[in-house]
Amino acid sequence: MYNEYSTKRRDLRRTHDQLRRSATPTMTDDQARDNLKQIIAVSKNELNMTEDYFAKFQKVISARQVAQLYKAEREFGRVMMKEMKTERQASGPRGRSGRPAATPGTSN
């Protein structure tokens, strides 16, 4: 059940991020309005899904345990982001391909 919730939430967040990235300074007001309406709709869907899964989770575990689950999930995300940042800093600058950035006078 949690894996299902996590997958659905990840998909909604990806959609949300894609919509946010698709906004450009050259958009017309109508395009920007449509984009923002879509972002709001995705946010509402995520909230509704969270409410639905909270009810489902409570059928299996207590509300206190659901709260602990959400807290553990946030903490895990923070730790992973911190580790990724540390790894990036330790490995030096990288280009978009994930390979080390080209140094002037060399060819990659």
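Note that this is a predicted model, so its numbers are computed, not measured.
Of the inter-residue distances, the one linking Asn3 atom CG with Arg10 atom CZ reads 9.0 Å to the nearest 0.5 angstrom. Distance check: Asn45 CG to Ile40 CD1 gives 12.0 Å after rounding to the nearest 0.5 Å. Note: Leu12 CG to Asp17 CG = 11.0 Å, rounded to the nearest 0.5 Å. With rounding to the nearest 0.5 angstrom, the OG1 atom of Thr26 is 7.5 Å from the CD atom of Gln31.
Note on residues 38-64: pairs passing salt bridge (Lys or Arg N to Asp or Glu O under 4.0 Å), not counting sequence neighbours, are Arg13-Glu46. For the salt bridge (Lys or Arg N to Asp or Glu O under 4.0 Å) condition, the pairs that include at least one residue of residues 21-38, sequence neighbours left out, are Asp30-Arg33.
Under the 4.5 Å side-chain contact rule for hydrophobic residues, Leu47 and Val42 do not share a cluster. Taking hydrophobic clusters as Ile, Leu, Val, Met, Phe, Trp and Tyr residues chained together by side-chain heavy-atom distances below 4.5 Å, Val60 shares a cluster with Met49.
Summarising the hydrophobic clusters (Ile, Leu, Val, Met, Phe, Trp, Tyr; side-chain heavy atoms under 4.5 Å, direct or chained), the residues clustered with Met27 are none. Grouping Ile, Leu, Val, Met, Phe, Trp and Tyr residues whose side-chain heavy atoms lie under 4.5 Å apart, directly or via other members, places Met80 in a hydrophobic cluster with Phe76.
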Assess the residue pair Tyr53 and Met1 against the criterion (side-chain contact (heavy atoms from CB on, under 4.5 Å)); give the C-alpha distance rounded to whole Å, side-chain angles, the decisive distance to 0.1 Å, and a yes or no. CA-CA 8 Å; Tyr53 274 90; Met1 184 181 342; 4.1 Å; yes
Could you walk me through whether Lys8 and Asp11 pass the salt bridge (Lys or Arg N to Asp or Glu O under 4.0 Å) check? CA-CA 5 Å; Lys8 288 180 180 181; Asp11 291 344; over 6 Å; no
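Evaluation of the side-chain contact (heavy atoms from CB on, under 4.5 Å) rule for Ser22 yields Asn35 as partners, not counting sequence neighbours. Evaluation of the salt bridge (Lys or Arg N to Asp or Glu O under 4.0 Å) rule for Glu75 yields Arg78 as partners, not counting sequence neighbours. Remark: Tyr2 engages Glu73 in a side-chain hydrogen bond (donor to acceptor under 3.5 Å, both in side chains) (not counting sequence neighbours). Listed by chain and number, the residues in a side-chain hydrogen bond (donor to acceptor under 3.5 Å, both in side chains) with Thr86 amount to none (sequence neighbours excluded). By the side-chain hydrogen bond (donor to acceptor under 3.5 Å, both in side chains) test, Gln65 pairs with Ser62, sequence neighbours left out.
Between Tyr70 and Tyr5, the angle of the ring planes lies from 30° to 60°, which puts this pair in the tilted group.
For the residue pair Arg20 and Ile39, the shortest heavy atom distance occurs at CG-CD1, 3.7 Å.
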